[in-house]
Structure formats: structure tokens, C-alpha cells
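One structure is given here, and the rest of the page talks about it.
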Amino acid sequence: MKNIQQLFKIAETSMQNAYAPYSKFRVGAAVLADNQKIYGGCNTENISYPCGTCAEAGAIAAMVADGGRIIKQILIVSDGKSMITPCGACLQRIKEFSDVNTEIILTDADRKFHHYHISDLLPQAFKEF
Ligand code: THU
């Protein structure tokens, strides 16, 4: 398992690159995948607001494009005043590529890490039809 600080560094760098001129709220995410690679993502807004994408979506898409399928760890950071928690849609995105061991690491303004599993944050995820 890679060091959480490595994940933090990539999430933080991604956050610095966020394109968030409308909300002015920057978010960065870093995913450690089953292939041991780390993928970063940032929110990428659009003047047509619903076209904007979340940081988690970007990092997960990069993982999938490179062949990764399981999120071992995902760390999320923002420049907000409180702990960043993924939106509902991103929880469902994380769920798609999670297993019971997947760690979701959320950071607060003091850059403390808070560890969760997807079952903590999305206990009744949609999973079959
Ligand atoms: N945002 C994320 O990138 N991830 C989340 O889980 C929550 C929200 C972004 C979307 C938008 O660019 C900005 O934060 C404000 O909602």
C-alpha cells in the first residue's frame, strides 16, 4: 500500500489545478488502484453549470481508462472550511469500483485524515436492477 502522504500530495496538486471559476470551491481527489498506480482528478466546471464534473469523477475515469478496476484508497481534499464529503453521485461512482476494503479518506481544513468505508457513507447504495 502506498503512503497516504503520496495520495495527499497528488490530490492537493490536482486541487491546485481545479477549474472552478463559478463556485470558487476547489476539490482534488487521488485514487490508489488495484494496479498500484495513483490517479488524480479535480473539479472541472463549465459555464453551462450541469456540464461540470467532480474531482472524484475525473480521478475514477483516469483509473478506468488505464485499466484499473478496484479503488484501494481514495483521498479527497478541498479548500473549504470543513471536511469535504463526496456528493451523492460521487458516492455512487466510488461504490461502483469499491470492495469491502476500499478506504475513503476525507480531509478537513487542518489537513487531518478521516477514514471511512463506502458502507459508512452510502449504506443503501443502488446495486442491482
Ligand atoms: N465537487 C466535487 O468536485 N466533488 C464533490 O464530491 C462535491 C462537489 C465540486 C463540484 C463543483 O465544482 C464544486 O465542488 C461546488 O459544488
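Note that the structure is predicted; figures quoted are calculated from it, not measured. Atoms within a ligand are numbered from 1 in the order they appear, just like the ligands themselves.
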For ligand 1, does Cys54 get within less than 4.0 Å through its side chain, its backbone, both, or neither, judged by non-hydrogen atoms? both
Mind checking whether Cys90 has an N or O less than 3.5 Å away from an N or O of ligand 1? no
Near Ser23 (heavy-atom distance under 4.0 Å), the atoms of ligand 1 are 13 (C), 15 (C)
When you compare the side chains of Glu96 and Gln92, does any donor N or O come within less than 3.5 Å of an acceptor on the partner? no
Roughly how far, to the nearest 0.5 Å, is CD1 of Ile84 from SG of Cys90? 9.0 Å
State which residues pass ring-ring contact (aromatic ring centres under 6.0 Å, His included) with Tyr19; sequence neighbours excluded, sorted by chain then number. none
Gap separating the CG atom of Asp99 from the CZ atom of Arg69, nearest 0.5 angstrom: 14.5 Å
Closest protein heavy atom (residue, atom, distance) for atom 3 (O) of ligand 1: Ala55 N, 2.9 Å
Report yes if some heavy atom in the side chain of Pro21 is under 4.5 Å from a heavy atom in the side chain of Glu45; otherwise report no. yes
Under a heavy-atom criterion of less than 4.0 Å, does Cys87 contact ligand 1? yes
Nearest non-hydrogen protein atom to atom 9 (C) of ligand 1, with distance, is Asn43 ND2, 3.6 Å
For Lys112, check side-chain contact (heavy atoms from CB on, under 4.5 Å) against everything at least two apart and list the hits. Asp108, Asp110, His114
Quick one: pull up CG in Asp34 and CZ in Phe97 and give me the separation to the nearest 0.5 Å. 10.5 Å
Flag atom 16 (O) of ligand 1 as yes if some protein heavy-atom distance to it falls below 4.0 Å, otherwise no. no
Residue, atom and distance of the protein heavy atom nearest atom 14 (O) of ligand 1 read Phe25 CD2, 3.4 Å
Look at Asp66 together with Lys37 and state whether they make a salt bridge at an N to O cut-off of under 4.0 Å. yes
For Pro86, the atoms of ligand 1 under 4.0 Å from one of its heavy atoms are 6 (O)
Indicate yes or no: does an N/O atom of Glu45 lie under 3.5 Å from an N/O atom of ligand 1? yes
With atoms numbered from 1 as shown, which atoms in ligand 1 lie under 4.0 angstrom from a non-hydrogen atom of Glu56? 2 (C), 3 (O), 4 (N), 5 (C), 6 (O)
